[in-house]
Amino acid sequence: MQHTNLTLMTDFYQLMMMQGYYETKTYKKKVVFDLYFRDNPNKGGYSIAAGLEQAIHYINELSFSDEDIDYIRSSGLFKEDFLAYLKEMRFTGDIYAIPEGTVVFPKEPLLRVKAPIIEAQLIETALLNIINHQTLIATKASRVVFAAQGDSVLEFGLRRAQGPDAGIYGARAAMIGGCISTSNVMAGKLFNVPISGTQAHSWIMSFEDELTAFREYAKIFPTKCILLVDTYNTLKSGVPSAVQVFREMRENNIPMPFYGIRLDSGDLAYLSQKAREMLDEAGFEDAIISASCDLDENLIAWLKFQGSKVTLWGVGTNLITSKDCPALGGVYKLAAEEEEDGALVPKIKLSDNTDKITNPGVKKVLRFIDKTHHKIKADLIALEDECIAYDQDLTIFHPTATWKKTTLKAGTYTVRELLVPIFLDGVCVYQSPSVMEMRAHCMGELEALWPEYKRLVNPHPFPVDLSDKLYELRRQMIEEARMF
């Protein structure tokens with residue numbers, strides 16, 4: 001799974017444009033593309049960058065095999081000199097990206113690609129596929145974890161994912177977003193992350209009665225004994241049988257470092273409250289109550305509000321598919337183009353839909369962090385060669401609703417540049433952290449985000465500004481283009 005060459009994972013029109021660049025002798029011209037998204041998924045206030053490690057692997061493996069060339073040739077549309085060029089082509093450009101686990105916002109370049117146009121065009125589709133998917137799932141997972149208010153969240157979605165890759169890389173992204181483990185064994189092996197699971201109803205049903213099923217399971221897994229109690233009757237049969245097994249284990253001095261019950265149906269708030277009473281009365285105050293059953297961040301938040309006693313949440317379908325927002329609208333847009341003298345000239349795409357107007361030029365993303373509270377105050381998208389006077393007050397404003405302003409007082413903030421070098425002249429210069437390190441980074445990023453931006457419903461818009469220089473460049477280019 002990790003070693004698949006994805007060179008042909010592109011849209012056919014990319015190959016057609018590539019031959020066009022080759023035929024018109026413009027294929028060596030360097031360009032800059034930005035990969036970004038226009039809106040946070042799930043109507044949220046932020047997103048979590050993810051997928052960079054797989055994007056790096058894709059670029060490192062980029063090459064057309066003889067079989068690939070033969071397949072492209074079979075279309076009858078491509079010339080032999082172009083196919084010969086493809087056979088030798090490798091990525092030679094630069095890529096800057098925001099590290100995985102970082103909190104990001106609309107319009108901020110997650111990746112910035114500078115390369116010959118023929119190379120930059122080819123990689124568009126695969127980069128969008130990889131980054132869009134994992135960023136979406138990492139963001140969804142972070143929302144679920146936020147709703148759980150400190151409880152542990154397990155990713156349980158493999159059987160409902162849209163295919164093996166979505167299950168594996170979705171589990172990876174969910175771990176980055178804050179889950180503590182996954183049920184996906186292959187993801188556990190590939191990414192060295194914790195795996196977990198209990199038993200299915202079929203285990204209970206395969207024995208003559210529920211108590212026997214629980215006893216046998218506890219005998220085999222005494223140190224990790226979570227019993228599924230809703231196969232027949234949760235409160236009249238399941239929980240009492242679980243309590244009986246726990247008593248027997250205690251009487252036999254069997255250590256129980258991790259034990260409890262799982263609810264998978266019914267009114268989880270009510271059932272968990274009653275189960276908690278029954279467990280506590282029997283002397284098992286430290287028994288875990290876990291739950292699954294079509295959970296998402298909104299249901300978990302309501303269950304918490306209703307006094308649920310669940311402290312361990314297994315979330316599957318709604319997480320691994322991001323069911324209420326199944327796609328991130330990431331785009332890949334030309335931002336600058338090399339002229340004959342080697343200078344990179346800004347490019348802009350216009351639209352009657354103002355949200356689709358691009359930000360021109362080679363850009364960087366600056367993050368301002370409050371020194372006192374260690375919270376993220378604002379982001380600034382600026383031109384790469386700009387020098388920002390950090391020793392002065394900085395007033396930022398909404399790029400379209402310009403009357404919305406805030407001033408960052410000099411000396412009250414620190415600045416971090418988000419885009420870091422990944423490839424330089426085609427050589428990877430970045431070492432990806434482990435998934436668990438990315439998860440820790442994500443938890444720190446979310447801790448640094450003010451609560452109003454993390455609300456599940458109607459979050460406050462986070463301030464992302466354009467620098468004065470970029471704002472003016474964009475305005476001028478729009479005015480010039482409208483003259484034609």
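Atoms considered below: every heavy atom in the structure, side chains included; atoms not considered: hydrogens, waters and symmetry mates. Starting from 1, each residue takes its place in the sequence as its number.
The ring pair (Phe, Tyr, Trp, His ring centres under 6.0 Å) check on F221 picks up Y217, with sequence neighbours excluded. Listed by chain and residue number, nothing satisfies the ring pair (Phe, Tyr, Trp, His ring centres under 6.0 Å) test with F146 (two or more places apart in sequence, or in another chain). A search for side-chain contact (heavy atoms from CB on, under 4.5 Å) contacts involving K349 returns K333, S351, K356, T358, not counting sequence neighbours.
Ion pair K43/D324 not flagged as a salt bridge, since none of the NZ, NE, NH1 or NH2 atoms sits closer than 4.0 Å to an Asp/Glu carboxylate oxygen. By the 4.0 Å N-to-carboxylate-O rule, K323 lies too far from D296 to be salt-bridged with it. The pair K114-D425 does not meet the salt-bridge criterion, since no charged nitrogen lies less than 4.0 angstrom from a carboxylate oxygen. Under 4.0 Å is where a charged nitrogen must lie from a carboxylate oxygen, and between E480 and R475 no such pair does. For the pair R90 and E119, the salt-bridge criterion is not met [side-chain N within less than 4.0 Å of a carboxylate O]. Salt-bridge formation is not detected for the pair K29/E339: no Lys NZ or Arg NE/NH1/NH2 atom is positioned less than 4.0 Å from an Asp or Glu carboxylate oxygen.
In this structure, Y413 and A389 approach most closely via the heavy-atom pair OH-O, 4.2 Å. The shortest non-hydrogen separation linking G45 to F462 is O-CB, 4.4 Å.
Of the candidates L303, L154, L319, L299, W313 forms a side-chain contact (heavy atoms from CB on, under 4.5 Å) with just one, namely L303. With D34 as the fixed residue, the salt bridge (Lys or Arg N to Asp or Glu O under 4.0 Å) test singles out one of K363, K347, R112: K363. When the options Y85, Y21, F82 are evaluated for a ring pair (Phe, Tyr, Trp, His ring centres under 6.0 Å) with Y27, the one that passes is Y85.
Neither side chain, Q199 nor R262, offers a donor N or O lying under 3.5 Å from an acceptor on the other.
Not less than 6.0 angstrom separates the ring centroid of Y36 from the ring centroid of Y332.
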